[in-house]
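Shown next, in structure tokens, is the structure this report addresses.
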Amino acid sequence: MPTFDLPLPLRPRTALVRTLRCTGLLCIALVLGGCAGVTVSSVSPRDYLAARRGDALTTGRLSPASEEVLRVIGTDGDDCEQDEAACRAALMASTGIDEEQRLSTLSELWLLAALQTEGERRADAPASEDEQLGAWLEAARHAWAYLFFTPRGPDERAFEDRQTQVRDYYNFATQQALAGMFRRYQRAVDADGHGPAPDTLLQWGGWRVQSDASDLRLPSDAPLPHALIAASTLRFSGLRNTYRRDGFGAELVTVMQAPDGPDPDTGRRRTAIEAASEDALPFREMPYPSVTALLRFSGKTLGEVLRTRDVQVSLYDPHHTARVDLAGRHVPLAGNFTAGYGLWLARSGFALQALRTLLGQEDGLAAPRIHLMQPYDPARRTIVMLHGLASSPEAWINVANEVLGDERLRQNYQVWQVYYPTNMPLWANRQAIQEALERTIAHFDPAGTAPASRDMVLVGHSMGGVLARLLVSESGDTLWKMLLAQHPMSAEDQDALRPELDPFLRFHPLPQVGRAIFIAAPHRGTPFANQRLSRWFSNLVTLPLAVLERFSDVTRRLARTAAPEGEGVVRLPNSIDNLSDTDPFVQAASELPIAPRVPYHSIMGREAAEGALAASSDGIVPYASAHLGGAVSERVVPSGHSVQEQPAAILEIRRILRDSLPPASAAGAPGSQ
């Protein structure tokens, strides 16, 4: 006689498992009743959420929401995989589901189909490429229809997991569709680097595609992009945080040009024309600008959207635009504010170049460059960062990222980083940096009236802090008197040298600067520069030949004052010489008055907690050298010399920058639409 084990799912933990054995009429009754039974088991909250939110993007399988819809119409994911077209047709024809269920499931099915095609596509199979591009566009189109053309609007579904999933389908499908379009666009570029105009109608696989890049602020003479990278595919070591904004659109990094060396991906080097053009400019615009891409499908009704084959690619600068109008609704624009910056640092080769520069080797830096960390924005105030000895913009890896990770600061400031040759004496670098800044400002704002050209904030670390102080100081005749005290000379020699030395020894505060932050700055020099190891290293520092030739007449005349017979030798000081606490220039410069209109702040490290503050040091710079009377604020952080990388120092920088903003700036973000 057959037996049946009937589970009793709801029972106390300590109860015995009971089995009912049915025979005769009871068994017949159960068979006629279908032997239906329900079991229950427990799952952890983590497993519940993972199962509930898993979908084609995260697990490679359809989400529970889509599986539920398919079961309602009498099928499931496995059946759909066997005949995708029939499954989609059944979804479109079914009257047992609502539009939200239909469109969200169709979007995910198209997404899954595109993902599966990805592994099958071959570079020499354009038909397959058309098929995949079409699938991405269909996934984005059905997500667009769900988000904006169903009876309930996005605001009514704001707290629903399903809407977040479908928005992600749209964003990811947009990202992948753009990658496919870009590959085709590159194939259309001719040998001279010219491609179709941005507003040209292109046709791919039955789709008609136009683009709008009017929101992007790229250099007018910029070459065509030669790479388009999804920000989501990049991971960085060395950066503490990745800052982004949730919203609509694919977060991308556009590689506008190859870096100074061969590109790690393409092997492409700058052409001679590109190199000459770049080297003639004192600034470099970010070669890896962040871009957010949207796909806009034509149509004002659900039916029109589902029938259209017209799509517009809209490209935005997420620094400039925070919200956009989509299908009549004002929605947040997604943005990644770290990926382009991180990629620039990773591919820059700054560390090796900075060392070559210090030692005077080939391919070193000959003159200061101003690096713009984002496309120039006339409405945002400018933060100018100056690194220290033997360093580069890499000194600000986390500082710049953390500053622009603050939404309010990002909407009110832009960052320029000064990359300068640290083998040069202080007086030469001060003049060269001033000239580079003035030329950069004049290029972007010839009238000098934009907010970006006024109330600039200088932030300098170590030797960069000393240079920042000199840029806001009034020299008068102090430095000339210092030179004459060291090298007494005739009136004739003074008149001969004045045109050559005046730009370096007589200067005024930069009028564009409205605030300064000095970080671990040896304003009065440091005894560390006098140590045997430092002197040995100083002897390795080599000034550029062009600099030695430029000042040959100066050194010859100064040598004559030292030895009237003409046998004296005067060596141009290098940067390490200038940082000694016994150096005449740094001692005289420390007494120069800072412009009264420029408030300034000090941040310094303290390596050892014990002992008096006045006698403390960060291991390189004594507190007594970094301290400046009259500072608006002074913050001492437990740290070595690289105090600018400490979270406490970065928070202090952010506080100063926030407090420097007028109250009205908190209300809105300039450039937001």
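Just so it is clear, the model here is predicted, and its values are computed rather than measured. What's counted below: heavy atoms across the whole structure, side chains too, no hydrogens, waters or symmetry copies.
Taken to the nearest 0.5 Å, the CG atom of Leu302 stands 13.5 Å off from the OH atom of Tyr146. In this structure, the separation between OG1 on Thr105 and CG on Leu103 is 9.0 Å, given to the nearest 0.5 Å. The CZ atom of Phe182 lies 10.0 Å from the CG atom of Leu252; values are rounded to the nearest 0.5 Å. In this structure, the separation between CZ on Arg381 and CG on Leu409 is 10.5 Å, given to the nearest 0.5 Å. The structure places OG1 of Thr292 at 8.0 Å from CG of Asp317, a figure rounded to the nearest 0.5 Å. Going from atom SG of Cys87 over to atom CD of Glu81 covers 10.5 Å, rounded to the nearest 0.5 Å.
Using a distance-only test at 3.5 Å, with no hydrogens or angles considered, a donor-acceptor pair links the side chain of Thr58 to the main chain of Asp55. Distance alone, capped at 3.5 Å, places no donor-acceptor pair between the Glu138 side chain and the Gly134 backbone. Between the Asn412 side chain and the Arg408 main chain, a donor and an acceptor come within less than 3.5 Å of each other. A donor-acceptor pair is defined here as one N or O able to donate and one able to accept, closer than 3.5 Å; such a pair exists between the side chain of Gln163 and the backbone of Pro154. Of the possible polar contacts, one joining the Thr382 side chain to the Ala452 backbone as a donor-acceptor pair under 3.5 Å is found. Distance alone, capped at 3.5 Å, places no donor-acceptor pair between the Asn336 side chain and the Arg244 backbone. Checking side-chain atoms of Ser94 against main-chain N and O of Ala90 turns up no donor-acceptor pair under 3.5 Å. A donor-acceptor distance shorter than 3.5 angstrom exists from the side chain of Arg141 to the backbone of Thr308, with no hydrogens or angles considered. With hydrogens and angles ignored, the 3.5 Å screen pairs no side-chain donor or acceptor of Tyr341 with any backbone N or O of Met286. Panel note: side chain Ser66, backbone Leu62; no donor-acceptor pair is recorded below 3.5 Å.
With no hydrogens or angles considered, a side-chain donor-acceptor pair links Glu402 and Asn241 at under 3.5 Å. Side-chain atoms of Glu645 and Asn398 include a donor-acceptor pair closer than 3.5 Å. Side chains of Gln414 and Arg380: no donor on one and acceptor on the other come within 3.5 Å. At a cut-off of 3.5 Å, with distance as the only test, a side-chain donor of Thr321 or Asp215 sits close to an acceptor on the other residue.
Ring centroid separation for the pair Phe148 and Tyr170 does not come in under the 6.0 Å cut-off.
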Assess whether salt bridge (charged side-chain N to carboxylate O under 4.0 Å, His left out) is satisfied between Arg71 and Glu68, documenting all intermediate values.
CA-CA 5 Å; Arg71 286 193 294 271; Glu68 179 181 287; 5.3 Å; no

Decide ring pair (Phe, Tyr, Trp, His ring centres under 6.0 Å) for Phe350 and His371; before the verdict, give the C-alpha distance in whole Å, the side-chain angles of both, and the deciding distance to 0.1 Å.
CA-CA 12 Å; Phe350 282 140; His371 287 276; 5.8 Å; yes

Can Arg102 and Ser107 be said to form a side-chain hydrogen bond (donor to acceptor under 3.5 Å, both in side chains), step by step?
CA-CA 9 Å; Arg102 186 191 328 277; Ser107 177; over 6 Å; no

Any chance you could lay out the ring pair (Phe, Tyr, Trp, His ring centres under 6.0 Å) test for Trp136 and Phe172, step after step, and finish with the verdict?
CA-CA 9 Å; Trp136 291 125; Phe172 187 76; 5.6 Å; yes

Take Ser298 and Arg309 through the side-chain contact (heavy atoms from CB on, under 4.5 Å) test and state the conclusion after the steps.
CA-CA 8 Å; Ser298 64; Arg309 305 289 283 178; over 6 Å; no

Arg162 vs Glu108, test: salt bridge (charged side-chain N to carboxylate O under 4.0 Å, His left out). Steps then yes/no.
CA-CA 11 Å; Arg162 190 55 167 166; Glu108 189 173 9; 3.5 Å; yes

Evaluate salt bridge (charged side-chain N to carboxylate O under 4.0 Å, His left out) for Glu251 paired with Arg245, printing each intermediate quantity in order.
CA-CA 10 Å; Glu251 302 160 25; Arg245 180 175 59 224; over 6 Å; no

Step by step, work out the salt bridge (charged side-chain N to carboxylate O under 4.0 Å, His left out) result for Asp325 and Arg329.
CA-CA 5 Å; Asp325 288 322; Arg329 296 181 181 274; over 6 Å; no

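Side-chain contact check for Thr301 versus Glu304: some heavy-atom pair is nearer than 4.5 Å. For the pair Arg240 and Asn401, the minimum side-chain heavy-atom distance is 4.5 Å or more. Side-chain contact between Leu111 and Gln116 is absent, with no heavy atoms from C-beta onward closer than 4.5 Å. The shortest distance between side-chain heavy atoms of Thr254 and Tyr288 does not fall below 4.5 Å. Looking only at side-chain heavy atoms (C-beta outward), Leu112 and Glu84 stay at 4.5 Å or farther from each other. At a threshold of 4.5 Å between non-hydrogen side-chain atoms, the residues Ser104 and Tyr169 do not count as touching. Counting heavy atoms from C-beta outward, Trp416 and Met373 have side chains that stay 4.5 Å or more apart. Looking at heavy atoms from C-beta onward, Asp76 lies in side-chain contact with Glu67 at the 4.5 angstrom threshold.
With respect to the salt-bridge test (charged N to carboxylate O, under 4.0 angstrom), the residues Asp406 and Arg658 qualify. Comment: Arg183 engages Glu129 in a salt bridge, judged by a side-chain N to carboxylate O separation of less than 4.0 angstrom.
Under the 30°/60° scheme for interplanar angles, the aromatic rings of Trp207 and Phe297 are found to stand perpendicular.
Applying the 6.0 Å contact sphere to CZ of Arg152 captures more than 12 heavy atoms from other residues, nucleotides or ligands.
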